[in-house]
Amino acid sequence: MELDELKARAKKANAQATNWKMNLHDLSEELPINWEKILEVAQTCYDAHKELAEARAALKAAGG
């Protein structure tokens, strides 16, 4: 990937991770309502942050 593509990937991953972090936060504030969604939201949040970490590592490796 080119550096610009890696930067775009990292930017998109950051936005998604931030969005899922807020979804998890909002869910926690509403508990015990929707407690059934904890695992689903937490897993999606985890996956988004994993993607962000991988995107940042790829960007760093490429010198960006």
Side-chain angles (χ1 to χ4, degrees):
M1 277 190 198
E2 290 187 27
L3 193 56
D4 289 339
E5 291 173 332
L6 291 171
K7 286 181 182 179
R9 177 183 170 206
K11 184 176 181 178
K12 181 179 177 182
N14 186 57
Q16 290 176 338
T18 299
N19 182 54
W20 279 104
K21 175 181 74 170
M22 292 308 299
N23 288 345
L24 187 58
H25 176 266
D26 292 346
L27 178 62
S28 72
E29 288 187 339
E30 296 170 356
L31 290 173
I33 300 169
N34 293 324
W35 66 268
E36 302 92 345
K37 294 182 179 182
I38 293 171
L39 292 177
E40 176 187 343
V41 174
Q43 182 65 55
T44 305
C45 186
Y46 174 90
D47 293 342
H49 279 83
K50 182 179 178 187
E51 171 62 27
L52 175 57
E54 291 170 356
R56 286 179 174 168
L59 182 59
K60 184 177 180 180

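As the structure is a computational prediction, the values presented were derived from the model and not from experiment.
Summarising the geometry, atom CG belonging to Leu6 is positioned 14.5 Å from atom NZ belonging to Lys60; distances are rounded to the nearest 0.5 Å. Summarising the geometry, atom NE2 belonging to His25 is positioned 4.0 Å from atom CD belonging to Glu29; distances are rounded to the nearest 0.5 Å. The NZ atom of Lys37 sits 13.0 Å away from the CG atom of Leu24 when rounded to the nearest 0.5 Å. One finds the CG atom of Asn23 at 11.0 Å from the OG1 atom of Thr18 (value rounded to the nearest 0.5 Å).
Between the side chain of Glu5 and the main chain of Glu2, a donor-acceptor pair closer than 3.5 Å is present. His49 places a side-chain N or O within 3.5 Å of a backbone atom of Cys45 that can act as its donor or acceptor partner.
Scanning both residues, Leu52 and Ala13, for their nearest heavy atoms gives CA-CB, 3.8 Å. The two atoms that bring Leu3 and Gly64 nearest to each other are CD1-CA, 3.6 Å, heavy atoms only.
By the rule that hydrophobic residues join a cluster once side-chain heavy atoms approach within less than 4.5 Å of another member, Ile33 and Ile38 end up as members of separate clusters. A continuous path of ILVMFWY side-chain contacts below 4.5 Å connects Trp20 to Trp35, so both sit in one hydrophobic cluster.
More than 12 heavy atoms of other shown residues, nucleotides or ligands fall within 6.0 angstrom of atom CG in Leu31.
Checked against Glu51 for a side chain to side chain donor-acceptor pair (under 3.5 Å), the options Gln16, Lys12, Arg9 give a single hit: Arg9.
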